[in-house]
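For reference, positions follow the sequence shown, starting with 1.
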Amino acid sequence: METLRGKVSCAAVLEQAGFAHDAKESTRRAMKFRRGGEIIIVTHEGRGWFDPLSDAKGDVFGLVQHLDRVAFLECVQKVADLVGFKISGPEWQPRIADDHSDLSLADRWQARRLPWRGSSTWRYLHDERCLSVALLRAAIKCNLLREGPHGSMWAAHTNQAGEVTGWEARGPQYRGFASGGTKALFRLGSGTALRLAVTEAAIDAMSLAAIEGLRDGTLYLSTGGGWSPTTAAALRELARRPGVQLVAATDANPQGEIFAERLRMLAGDAGCDWKRLRPSEEDWNETLQLREKEERERREGKEGNRQRRAAYGPPAKGGFARPQPGLDPVGRGAGGPLMND
């Protein structure tokens, strides 16, 4: 059995069972696989797994039993049949060292520089992720962002006392969480705010804040894609305050709906109001990027019309207007509302 554990990856079991690797949502330590509404996270370099939607977890034998509901002897045979099976996708992303792994968590955070205009982190968040200058300045002022290695961003998770417990790390080619850190909550906004907008990633929390213009009375939160006991406890603590509204601003996909349902149940237990807020695209950053793209195209269209008018002047009275390029119908927006209940 030990030999089989070493030769057969949980990823191989999942691919054979029809699961697809979700590269966008995977990290160097946790590979996410989906089959319809089912999700399995593979850990420990392929030797372990867990189901984020239940308490199920284990090794490669437990995974086969979990999926196929077979007796253990049949399970061992199924694993043995997969010896030599090669998964089609990349197995594991290389680890990105953070240069200060010998320091404490707080010291590692303080050792990194704040992003500045023109830095690699700033360019990633502003140019690629379309976060505005005003939003980035607000997040930096709140000590929420750091320059990570290799052009990545660090977004702080903090506890109720404001202490950094870890950070979401995200870059053009990288996604992960602080080694040795604990997922609590990324918090952007006033700690006394009564509207709690909960997203699954710090970039989505900042994107929603940008879309809403950092709405007064709102605390924009991220769980970092997890639902750890620390995260659940932090949300319950916030939701127990009088007059709170808990807004499930999670992704518009099956996992986002499951997170939203968990938030609805948490709101019911805490006795607070609850609301579902969905992005028009799959997540809030995609929604923000689409909005910025359409706004840029609208500005460029207006500038083009202005230049043509300056060059040709208005059509002669009683004559025919010069042919104009095809424009979007009047009143056309971004293909639907940015958000809906």
Side-chain angles (χ1 to χ4, degrees), residues 24-25 37 39 52-53 125 129-132 134-136 138-139 142 144 155 157 168 170 183-227 231-232 234-295 333-341:
K24 179 182 176 183
E25 295 293 329
I39 297 173
L53 310 180
L125 293 174
R129 294 297 193 149
C130 295
L131 294 173
S132 68
L135 189 284
L136 290 176
C142 295
L144 293 175
H157 275 225
E168 296 177 42
R170 189 67 187 263
K183 287 184 180 179
L185 289 171
F186 170 85
R187 308 167 192 244
L188 174 61
S190 171
T192 61
L194 296 180
R195 180 174 179 261
L196 310 177
V198 184
T199 68
E200 298 175 54
I203 286 180
D204 284 326
M206 291 188 286
S207 298
L208 177 57
I211 290 170
E212 294 188 337
L214 276 171
R215 178 171 164 177
D216 289 339
T218 296
L219 180 59
Y220 298 93
L221 304 167
S222 164
T223 66
W227 191 267
T231 296
L235 286 170
R236 279 193 292 269
E237 184 70 22
L238 291 170
R240 288 193 183 108
R241 294 174 297 151
V244 162
Q245 182 187 65
L246 191 62
V247 179
T250 51
D251 295 350
N253 58 30
Q255 179 176 314
E257 296 303 324
I258 291 168
F259 268 92
E261 179 61 18
R262 286 183 173 180
L263 290 167
R264 186 191 66 78
M265 295 174 65
L266 187 147
D269 293 341
C272 73
D273 188 22
W274 176 85
K275 184 179 182 181
R276 177 71 171 112
L277 196 63
R278 293 182 183 85
S280 61
E281 303 303 306
E282 185 169 359
D283 61 42
W284 290 108
N285 189 248
E286 289 182 8
T287 300
L288 176 65
Q289 290 190 50
L290 179 61
R291 190 184 76 161
E292 292 301 309
K293 177 184 177 183
E294 293 184 341
E295 176 62 22
L338 286 175
M339 58 198 79
N340 55 72
D341 293 343

Look only at the side chain of [X] and the backbone of [Y], and say whether a donor-acceptor pair between them is shorter than 3.5 Å.
{"X": "R276", "Y": "A248", "value": "yes"}
{"X": "H157", "Y": "A184", "value": "yes"}
{"X": "R187", "Y": "L144", "value": "no"}
{"X": "S207", "Y": "I203", "value": "yes"}

*Give the intermediate values and the outcome of side-chain contact (heavy atoms from CB on, under 4.5 Å) for residues M206 and W284.*
CA-CA 9 Å; M206 291 188 286; W284 290 108; over 6 Å; no

*Under the criterion side chain to side chain donor-acceptor pair (under 3.5 Å), which of T218, D273, D216 is the partner of R195?*
T218

Please report the shortest heavy-atom distance between [X] and [Y], naming the atom on each side.
{"X": "R291", "Y": "I211", "result": "NH1-O, 3.6 Å"}
{"X": "G226", "Y": "F259", "result": "O-CE2, 3.5 Å"}
{"X": "Y220", "Y": "R215", "result": "OH-N, 3.1 Å"}
{"X": "S222", "Y": "A202", "result": "OG-N, 3.1 Å"}

*Start with the C-alpha distance between L219 and S190, add both sets of side-chain angles, then the distance that settles side-chain contact (heavy atoms from CB on, under 4.5 Å), and finish with yes or no.*
CA-CA 6 Å; L219 180 59; S190 171; over 6 Å; no

Rounded to the nearest 0.5 Å, how far apart are [atom1] of [X] and [atom2] of [Y]?
{"X": "L288", "Y": "S132", "atom1": "CG", "atom2": "OG", "value": "8.0 Å"}
{"X": "L290", "Y": "C130", "atom1": "CG", "atom2": "SG", "value": "10.0 Å"}
{"X": "N285", "Y": "R129", "atom1": "CG", "atom2": "CZ", "value": "4.5 Å"}
{"X": "E257", "Y": "D251", "atom1": "CD", "atom2": "CG", "value": "9.5 Å"}
{"X": "W274", "Y": "L266", "atom1": "CH2", "atom2": "CG", "value": "12.0 Å"}
{"X": "T287", "Y": "L208", "atom1": "OG1", "atom2": "CG", "value": "9.5 Å"}

*With respect to L238, which candidate in L194, V244, L246, L196 satisfies the side-chain contact (heavy atoms from CB on, under 4.5 Å) definition?*
L196

*Between D283, D204, L263, which is the residue that forms a side-chain contact (heavy atoms from CB on, under 4.5 Å) with T250?*
L263

*Derivation of the side-chain contact (heavy atoms from CB on, under 4.5 Å) call for R262 and T223*: CA-CA 12 Å; R262 286 183 173 180; T223 66; over 6 Å; no

*When you check the side-chain N and O atoms of Q289 and E281, is any donor under 3.5 Å from an acceptor?*
no

_side-chain contact (heavy atoms from CB on, under 4.5 Å), that's the test. Do L221 and L235 meet it? Break it down for me._
CA-CA 9 Å; L221 304 167; L235 286 170; 4.1 Å; yes

*Side-chain contact test, heavy atoms from C-beta onward, threshold under 4.5 Å: evaluate it for I258 versus W227 and give yes or no.*
no

_With heavy-atom distances below 4.5 Å as the criterion, would you say the side chains of L135 and L188 are in contact?_
yes

